[in-house]
Amino acid sequence: MAYKAKFKVWRGDAEAGELHDFLVEVNEGEVVLDIIHRLQATEAPDLAVRWNCKAGKCGSCSAEINGKPKLLCMTRMSTFTEDEVVTVTPMRTFPVIRDLVTDVSFNYTKAREIPSFTPPPGLAPGEYRMRQVDVERSQEFRKCIECFLCQNTCHVVRDHEDNKEAFAGPRYLMRVAELEMHPLDVADRVAAAQDEHGLGYCNITKCCTEVCPEHIQITDNALIPMKERVADRKYDPIVWLGSKLFKR
Ligand code: SF4
Ligand code: F3S
Ligand code: FES
């Protein structure tokens with residue numbers, strides 16, 4: 001049955017903004033993005049929102065709903081009671097461009113700082129061989145839709161703007177871990193994770209994992225194993241010596 005929901009939507013730009021109240025129709029089966037689209041079609045035609053697939057796959061519609069980082073297109077209205085106020089705000093960690101749209105270029109900068117897959121010199125593409133177990137290990141990480149909800153949530157940058165320079169964030173530390181687990185990659189990802197991408201800032205609060213819409217076990221399967229590799233390198237003299245001799 002259709003009903004009218006109370007919405008508060010943040011509107012503004014980089015300079016200033018505030019929550020605007022709306023009373024808007026909701027129909028059975030709708031998600032929060034449907035409601036935002038209805039607002040655009042009725043009361044707020046210039047309301048800015050970024051979206052693309054409406055299927056939880058493009059990672060564009062990230063925002064905060066009642067203070068929780070979520071995809072607008074994957075948050076069902078049926079998760080709220082009919083008299084609940086639904087508050088929609090832009091991701092807090094990134095600069096606002098307008099309304100619900102933020103500038104997520106921080107993430108692209110961090111992505112570019114990670115050297116790409118580095119196979120052993122002289123190995124031609126047709127000679128790459130991997131065991132199935134190695135393929136499966138990184139499969140989980142490749143489900144990432146780059147919604148940046150984990151990046152938005154991690155307190156290391158959410159609450160400390162000045163850490164952005166030194167900290168790649170969970171999504172990109174996971175990328176470093178993925179490459180580190182690749183049996184053919186010869187770059188020294190362990191040293192880079194700690195020294196260049198700020199792995200040491202992560203104190204494994206797991207908030208990143210909790211908000212991931214793809215349910216990737218970012219902390220347990222990427223960040224903690226990477227931290228263990230760093231600790232092995234630092235405190236095990238044989239591993240340390242091996243790393244100096246063989247660059248791994
Ligand atoms: Fe989004 Fe999960 Fe990828 Fe982070 S790891 S960007 S939360 S899909
Ligand atoms: Fe941040 Fe995730 Fe680590 S939330 S502190 S990167 S476990
Ligand atoms: Fe693509 Fe929501 S619109 S993930």
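In listed order, ligands and their atoms are each counted from 1.
- Judged by distance alone, the side chain of T109 and the main-chain N or O of S105 form a donor-acceptor pair under 3.5 Å.
- Salt-bridge check for R11 with E18: failed, with every basic side-chain N at 4.0 Å or more from each acidic carboxylate O.
- By the criterion of a heavy-atom distance under 4.0 Å, both the backbone and the side chain of N203 are placed next to ligand 2.
- We find that R158 and E64 are joined by a salt bridge, their nearest charged nitrogen and carboxylate oxygen being less than 4.0 Å apart.
- The proximity of T219 to ligand 2, defined as any non-hydrogen pair under 4.0 Å, is limited to the side chain.
- Counting atoms of ligand 1 from 1 in the listed order, those under 4.0 Å from a heavy atom of M174 are 5 (S).
- C150 lies apart from atom 1 (Fe) of ligand 1 in this respect, since none of its N, O or S atoms is found at a distance under 2.8 Å.
- W10 has its ring centre no less than 6.0 Å from the ring centre of H20.
- By the 30° and 60° cut-offs, the orientation of the rings of F148 relative to Y108 is perpendicular.
- A donor-acceptor contact shorter than 3.5 Å is absent between the side chain of E30 and the backbone of M77.
- Atom NZ of K143 has more than 12 neighbouring heavy atoms from other residues, nucleotides or ligands inside a 6.0 Å radius.
- Look at K206 and D220 and you find a salt bridge, because one of the NZ, NE, NH1 or NH2 atoms lies within 4.0 Å of a carboxylate O, short of that distance.
- In summary, the atoms of ligand 3 found under 4.0 Å from a heavy atom of K57, numbered by their order in the structure, are 4 (S).
- Atom 4 (S) of ligand 3 has G59 N, 3.3 Å as its closest protein atom, hydrogens excluded (heavy atom only).
- For ligand 2 and C202, the ligand atoms under 4.0 Å from any heavy atom of the residue are 3 (Fe), 5 (S), 6 (S), 7 (S).
- Under 4.0 angstrom from ligand 1, the non-hydrogen atoms of E146 all belong to its backbone.
- Interface atoms of ligand 2 facing T205, defined by a heavy-atom separation under 4.0 Å, are 4 (S), 5 (S), 7 (S).
- Atom numbering of ligand 1 starts at 1 in the shown order; those under 4.0 Å from a heavy atom of P213 are 7 (S).
- Proximity to C144 (heavy-atom distance under 4.0 Å) selects the following atoms of ligand 1: 3 (Fe), 5 (S), 6 (S), 8 (S).
- Here is the list of ligand 2 atoms found below 4.0 Å of a heavy atom in P170: 6 (S).
- Residue C61 has at least one heavy-atom neighbour below 4.0 Å for each of these atoms of ligand 3: 2 (Fe), 3 (S), 4 (S).
- Among the backbone and side-chain atoms of C147, none of the N, O or S atoms lies under 2.8 Å from atom 3 (Fe) of ligand 1.
- Within the listing of ligand 3, atoms 4 (S) sit less than 4.0 angstrom from a heavy atom of G56.
- Protein heavy atom in closest approach to atom 2 (Fe) of ligand 1: C212 SG, 2.4 Å.
- Of all the atoms in ligand 3, the ones that sit under 4.0 Å from a non-hydrogen atom of C53 are 1 (Fe), 3 (S), 4 (S).
- When each of K110, E178, H197 is checked for a side chain to side chain contact (heavy atoms under 4.5 Å, CB included) with L173, only H197 meets the rule.
- Nearest to atom 3 (S) of ligand 3 among the protein's heavy atoms is K54 N, 3.1 Å.
- Under 4.0 angstrom from ligand 3, there are no non-hydrogen atoms of M74.
- Of all atoms in ligand 1, listed by their number and element, those nearer than 4.0 Å to a heavy atom of R171 are 6 (S).
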message: Does R98 form a salt bridge (Lys or Arg N to Asp or Glu O under 4.0 Å) with D13? I'd like the steps, not just the answer.
response: CA-CA 4 Å; R98 194 158 68 84; D13 56 23; over 6 Å; no
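- Proximity of a side-chain donor or acceptor of D21 to a complementary backbone N or O of K6 within less than 3.5 Å is not detected.
- Listed by number with element, the atoms of ligand 1 under 4.0 angstrom from any heavy atom of F148 are 1 (Fe), 6 (S).
- Taking 4.0 Å as the cut-off between side-chain N and carboxylate O, E214 and K57 count as a salt-bridged pair.
- Protein heavy atom closest to atom 8 (S) of ligand 1, with residue, atom name and distance, is I145 N, 3.5 Å.
- Annotation for ligand 3: atoms under 4.0 Å from non-hydrogen atoms of N52 are 3 (S).
- Looking only at distances, a side-chain donor or acceptor of E84 sits under 3.5 Å from a matching main-chain atom of T81.
- At a 4.0 Å heavy-atom cut-off, ligand 1 does not touch V211 at all.
- When all heavy atoms of K164 and T93 are compared, the pair lying nearest together is NZ-O, 2.5 Å.
- For ligand 2, the atoms closer than 4.0 angstrom to any heavy atom of C207 are 4 (S).
- Ion pairing between a basic and an acidic side chain is recognised when a charged N comes within 4.0 Å of a carboxylate O; R129 and D134 show no such pairing.
- Close approach of ligand 1 to I218 (heavy-atom distance below 4.0 Å) involves ligand atoms 5 (S).
- Applying the 4.0 Å criterion to heavy atoms of C58 picks out, from ligand 3, the atoms 1 (Fe), 3 (S), 4 (S).
- Contact atoms of ligand 2 toward K206: 7 (S) (distance under 4.0 Å to a heavy atom of the residue).
- When all heavy atoms of P225 and T219 are compared, the closest pair comes out as CD-O, 4.0 Å.
- The shortest non-hydrogen separation linking F80 to N66 is CE2-ND2, 3.7 Å.
- In the vicinity of C208, heavy-atom distances shorter than 4.0 Å reach the ligand 2 atoms 2 (Fe), 4 (S), 6 (S), 7 (S).
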